[in-house]
There are 2 protein chains.
Amino acid sequence: MKKITIGEAARKSGVKVPTIRYYEGIGLLREPSRSEGNQRSYEQSDLDRLTFIRHARELGFEVEAIRTLLSLQDNPLQPCATADAIAKARLIEVEQRIRSLMALKAELEMMVEGCGHGRVDQCRVIEVLADHAQCTHHGH
Amino acid sequence: MKKITIGEAARKSGVKVPTIRYYEGIGLLREPSRSEGNQRSYEQSDLDRLTFIRHARELGFEVEAIRTLLSLQDNPLQPCATADAIAKARLIEVEQRIRSLMALKAELEMMVEGCGHGRVDQCRVIEVLADHAQCTHHGH
DNA sequence: CTTGCACCTCTAGCCACTAGAGGATGTAGG
DNA sequence: CCTACATCCTCTAGTGGCTAGAGGTGCAAG
């Protein structure tokens, strides 16, 4: 089994070196064995775990959720209801966030389109910010 | 001019009491006058400013951007190109974020739909997280 | 043997708040 | 006037998820 340095692990997993050490610190990643000179030495399974973590982070899962998902991965005979629930909860969050951002987009477009590039006292951007009643979307 | 306490200002502006003090600390809000007992006393103009700030924060503008927008509001004879640029930059950010979230949504839906509610070793959620190659969207 | 990069630990900083301790003030009722 | 009790005050520290930097050690190529 060949030794993988932290730098190599970073390149292969796409997780930055300090972030790998951080994940070890918070217990997402096991403490790897060390070389004689006290340098971390990883195996393929660590790379897999790092890739899992990176992917989950990109999907916006919080570290605590990832901790749960990893422990599920480590116990493959358990029912997957928990994993399902975590993913569903995240899906709902994402859907809400999209809706909210669409409303913001509409409002920002209104501001930008209405800007006549004149002076601030006629600027739609400042005006809309100052007067919330002008928003078409009142969800916020 | 009637005195507005910080609690009233919070209720009327929708900005929480500690956040108002925080905004004062970072110089977004002027230091208000004080009562004899050293309690903050606000005016209508402070409420307007707080509402402006809250609205801008809801639109996702960063505090530094808001600082700039507020200084523009204070100098209405300036050209509004800066305000326009800030709003446009934020619009582009929002559009990118929406695109990215749509991709995440698709991926999460795939995970959730594929989950047969069986055991973890057949769970699509865990599987997709572990194997990035299964993603249809490779933007991340 | 030296150069220079990658590694080590540790602390502090980022953003925009939020929480809590410990104490002072203001107000309504008795 | 006294007593509750909410609200206010300042100050420090914590949140999440890293990131930056200081100050030092290991290791491989030339």
Taking any heavy-atom pair under 4.0 Å as a contact, classify [X]: base, sugar-phosphate, or nothing.
X	result
A/Arg57	sugar-phosphate
B/Arg21	base
A/Glu36	nothing
B/Phe61	nothing

Give the rounded distance in Å between these two atoms: [atom1] of [X] and [atom2] of [N].
X	N	atom1	atom2	answer
A/Ile4	C/dA6	CD1	C1'	16 Å
A/Tyr22	C/dC8	OH	P	18 Å
B/Arg11	D/dC8	CZ	C1'	12 Å
A/Ile26	D/dT15	CD1	C1'	13 Å
A/Glu58	D/dC18	CD	C1'	15 Å
A/Asn38	C/dC10	CG	C1'	14 Å
B/Gln39	D/dT7	CD	P	12 Å
B/Ile6	D/dT7	CD1	C1'	11 Å

B/Gly37 vs A/Thr19, nearer the 5' end of DNA chain D by closest nucleotide:
B/Gly37

N-O pairing of [X] and [Y] below 4.0 Å:
X	Y	result
A/Glu93	A/Arg97	no
B/Glu24	B/Arg40	yes
B/Arg11	B/Glu8	no
A/Lys88	B/Glu109	no

According to a strict under-4.0 Å criterion, is [X] in side-chain N/O contact with OP1 or OP2 of [N]?
X	N	value
A/Arg54	D/dC18	no
B/Ser35	D/dC8	no
A/Arg34	C/dT9	yes
A/Thr5	C/dA6	no
A/Lys16	D/dC18	no
A/Tyr23	D/dC18	yes

Identify the two heavy atoms, one from B/Ala9 and one from B/Ile4, that lie closest to each other, and give their separation to 0.1 Å.
N-CG2, 3.8 Å

